[in-house]
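A quick write-up on the structure given underneath.
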There are 2 protein chains.
Amino acid sequence: MTESRQHPTLATVARAAGVAVSTASLVFAGKGPVSAATKQKVLDAATELGFHGPDPRARSLRNGRSGVVGVVVQTSVISAFRDPVNVGMVDGAAEVLGEAGAGVLLLTDAPHARRVFEDAPMDAAVLTGCSPWATELLGSLRRRRVPTVLVGSRPRRGSPAVDVDNPAASRELAQHLYRLGHRRAATVTLALDTDDAPAVDADRLAAATADTAAERLQAFWDVFPNGRALAATDSTVEEGERIGRMLLDVPEPPTAVVAQSDLLAVGVLRAADALGLAVPDRLSVTGFDGIDTSALDPRPLTTMRQPMQQKGRDAASAVLRMLDGARPRSVLLDCEFVPGATAAPADCAAQHH
Amino acid sequence: MTESRQHPTLATVARAAGVAVSTASLVFAGKGPVSAATKQKVLDAATELGFHGPDPRARSLRNGRSGVVGVVVQTSVISAFRDPVNVGMVDGAAEVLGEAGAGVLLLTDAPHARRVFEDAPMDAAVLTGCSPWATELLGSLRRRRVPTVLVGSRPRRGSPAVDVDNPAASRELAQHLYRLGHRRAATVTLALDTDDAPAVDADRLAAATADTAAERLQAFWDVFPNGRALAATDSTVEEGERIGRMLLDVPEPPTAVVAQSDLLAVGVLRAADALGLAVPDRLSVTGFDGIDTSALDPRPLTTMRQPMQQKGRDAASAVLRMLDGARPRSVLLDCEFVPGATAAPADCAAQHH
DNA sequence: CGATTCGATCGAATCGATTCGACAGTGGTT
DNA sequence: AACCACTGTCGAATCGATTCGATCGAATCG
C-alpha cells in the first residue's frame, strides 16, 4: 500500500494482477502464449496503477538497443537547416526511421555538444556533410561500435555512403554549357575546407576535406580546365551574390557560371542583375539541387535535381540494415537534369568582346 | 582470454586493472576519492581493452535519466522546418540542451511515428505548436510522467508554456495601422484548426485549436471589429499569395492587410503586385516574426520581431529546471516592432473610393 | 489407462552500470 | 597509548525490464 504512490513498474503490476513478472512482460511484448484471461488481468491492473508500458530505459539495457539513431548535421541546427537539402535529407531519414519505430536524435558537430555526442544512447548514426570533424566523429563512433552511414561524402573505413553521383551530374551540367558554346566559364563552389579565402587552385582542391564540393569542382575543371573557381563559405543566397560579384565584376566576365547549389545560383543571378548582365542572354547560370526557388527568383533555374529525401531514406534504411547485421553497399543516386531558363547559347557579342 | 573479443564493460576493465567495479566506476564518473595510481591503472586497462566510457543505456537505467529531451514538431520535419521560426526555436533549444549535456530527440506528431513517440526514452519534452493532436500527446507525456514545456500555446494541465505576448504584439501592429488612418483592414491568419476553408467568423475563432492564431486574430478584431479574416492552411509564401488574392481581388479592397507571419505577408505583397496595388501607397501590409525576408522580397516588412531562438532557449532551460524538480513559471517574451517599409498612412483616394 | 505433447505460467539469471555503507590503513591529536 | 578523522577501496544491492529453461496440469494418443 505504501507503494501506491510510487512509479508503477512491471513488478508492481504483476503483483497486483497476481502473476509473475515474466508473464506480465509477455503481455506487453505481445509475444508468447498467454491466456486471454491472464492478459486481461494484467492489462486491468496496469490501467488501475497507471502503468503505461515498460520503461524504455530498462528495455534498452536488456536488449542492447535503444531504438534511437543519431543524425549528425554540421555546425548548428539553424545553419544546417537553412539549406533545404539538409532539411529534405533529415525528413527522409525521419520518415523511414519513424516507420521502423526508431527515433531521431539530432546531433551537431559543434564542440560544445561533444559531450552529448559521446554519451548519447544511439544504436546507429547517419553522419552528414564533410566537416573537418567528420573523420574524428566517425572514429569516435567506430570505437563505440556504432554502425554509421555517411551522407554526402565518400565511403570511409568500412562505413558505406549514400550520395548522388556528383561527378556525373556536374559533368552533365558543364557539358550542357559547353555544348551551348560557352568557353569562358567560372564556378562558385561550396565550402571546400575551413579556409574562408575564396581563391581556389588545384592544390587547394587536392587538399579539400569536403568531398561533394571537390567532386563537383573536379568535374567542372574536366570540362573547363581554365575556368576560374571561387569558394563560398556557405550555401546561401548572400554568399552566392558576394562571390558572384567577384566573378562577374571584372573586365572580361565569364559567359557562364556554374554554381554548386541552387541557393548560390540565385545569389549569382542577383549579382548579375546588379551588374546589368542579362540572364540568360549575356550570362548563363546553373545551379545544383533542384530545390524550389520560385520564392527567391521568378526565373526557373537550369540545374540538376537531386533526390534529397531519397538520400535520407536510403541512409536510414542502410543504417537499419546494419543494425540487422548486414553490411549494406554504398548507394549512388542519380540526379535529373532540369532545363530551366537560366542557360542559353553563348552570346556572340560577349564571346567576341 | 575468451572474452578478449567481447564488448568490454566496466567489469572487464575493472578485472583487468585489478580493482573493484565500483572503483572503476568512480574513475569514469570523476567523482569520489581515487588515488592517482589506481586511476591510471584503470584508464590504461580501458585503453588496452578499447573501452570508451560506460554504456549510456545502463547508466540511464540506473540513474533514471537518459539525458535525452524530446522536441516535438508538427507534421513532418520537412514542413515544420520550412518555417524559419520553428528552425530558430529548435536551434535555440538544441544549444541550451547541448550545453547541459542533453540530446535532442526530434519527434513529430505524425501518426506513423506514434510508436516512437510512446516508446522513446526521454526525460522531458518540448511540445511545439498547437496541432489538434497536441492535447492527446500532452496526455500521453503526462501519463509517462515526462515533464513537458509547451511552446506556442497556452499553459495547460500544469505544463508551463513559453511564448511571445501575441495579444500585445498583434494589438500593437493593428493599432499602428489604425493610427496611420486605416479603417478598412483585413487579416490572413495562420491555421486555426484542421479545417481548410478560409472563411473565419467569431464562431470558428471560438472553436480554434491553435492558440497563437486565435490570439493574434482576437487582437486584430479588437482594433478592427469588422475586419475580414481568412485563414491560411500553412505559413508559406504561396498560401499568403493565395489568400492575399482572395482579400484584395474585390471591388473595395482593404487598405491594410495584417498577415500573421512574415512568409504570409510576403505572399500578400506578391498578390498586391499582381493586382497592381502599390505597397505601401495603396496598401499597407504587416507581417509577424521578423525573419530575414530580404531574399524573398526587397521591401523590408513592417512586422514584429519575435525572439525565436530565445523561445527555444527558454523552453529548454525550463525543461531542464523541471528535471531538477522545479516547477518553472510560464514565460511570455516580448516582441519588437520593426517599422519596415510596407506600412504607410492610409491613402485618401483609397479611403474615399 | 499410462505415456506424450502442448499451452500457460513461473523463477532466476542477466543486461552494465551507480551508489551506499562497510572496512582497512594512515596520520594527527591529546 | 587510545582515539578520531579521513582517504582509498571494495561488496552488494539496485535500477526495470527480457528471456531461457523448468514446471505443471490438461488434453491427446496409442
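Throughout, protein chains are lettered first and strands after them, A, B, ... in sequence-line order, and every chain is numbered starting at 1.
Summarising the geometry of A16(A) relative to L49(A), their closest heavy-atom pair is CB-CD1, 3.9 Å, with the distance given to 0.1 Å.
To the nearest angstrom, P of dC15(C) lies 18 Å from CG of D123(A). Computed from coordinates, the D119(B) CG to dA17(D) C1' distance equals 13 Å when rounded to whole Å. Regarding R65(A), its CZ atom lies at a distance of 22 Å from the P atom of dT14(C), rounded to whole Å. One interatomic measurement links the two molecules: CZ of F51(B) to P of dG16(C), which rounds to 10 Å at whole-angstrom precision. The distance from atom CG of L61(B) to atom P of dG16(D) is 7 Å, rounded to the nearest whole Å. Here dC15(C) presents its P atom at 20 Å from CG of N63(B), a figure rounded to the nearest Å. In this entry the distance linking CZ of R15(A) with P of dG16(D) reads 12 Å, nearest Å. When the P atom of dA8(C) is taken as reference, atom NZ of K41(A) falls 14 Å away, rounded to whole Å.
Of the candidates dG16(D), dA17(C), dA8(C), dA17(C) carries the atom nearest the L10(B) side chain, counting heavy atoms from C-beta on. The T9(B) side chain lies nearest to dA17(C) when the options are dT19(C), dA17(C), dG16(D). Nearest nucleotide to the R62(B) side chain, out of dA8(C), dT14(C), dT19(C): dT19(C).
Note on R57(B): every side-chain N or O is 4.0 Å or more away from OP1 and OP2 of dG16(C). S35(B) has a side-chain polar atom (N or O) that falls below the 4.0 Å cut-off from OP1 or OP2 of dT9(D).
Considering only heavy atoms from C-beta on, V126(A) comes within 4.5 Å of V151(A) through its side chain. Side-chain contact between R144(A) and P56(B) is present, with at least one heavy-atom pair separated by less than 4.5 Å.
Using N1 to N3 plus N6-O4 or O6-N4 for Watson-Crick, or N1-O2 and O6-N3 for G-U wobble, each under 3.5 Å, dC29(D) pairs with dG2(C). When both distances must be under 3.5 Å, the Watson-Crick or G-U wobble mate of dA22(D) is dT9(C).
Across all strands shown, P33(B) has heavy atoms under 4.0 Å from base atoms, whether or not it also approaches the sugar-phosphate.
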Exercise for review: Might you work through the side chain to side chain donor-acceptor pair (under 3.5 Å) test for D91(A) and Q309(A), ending with a clear yes or no?
Suggested key: CA-CA 6 Å; D91(A) 184 67; Q309(A) 283 170 279; 2.9 Å; yes
Output, in order, the C-alpha distance, side-chain angles, deciding distance and verdict of salt bridge (charged side-chain N to carboxylate O under 4.0 Å, His left out) for R114(B) and E136(B).
-> CA-CA 11 Å; R114(B) 271 321 267 287; E136(B) 190 188 335; 3.1 Å; yes
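Under the 3.5 Å distance criterion, the side-chain polar atoms of N86(B) are left unmatched by any main-chain donor or acceptor of F81(B).
Between F51(A) and F28(A), the ring planes lie perpendicular to each other; the angle is over 60°, past the 30° to 60° tilted range.
Interface residues of residues 19-29 of chain A facing DNA chain C, ordered by number: V19(A), A20(A), S22(A), T23(A); criterion, heavy-atom separation under 4.0 Å.
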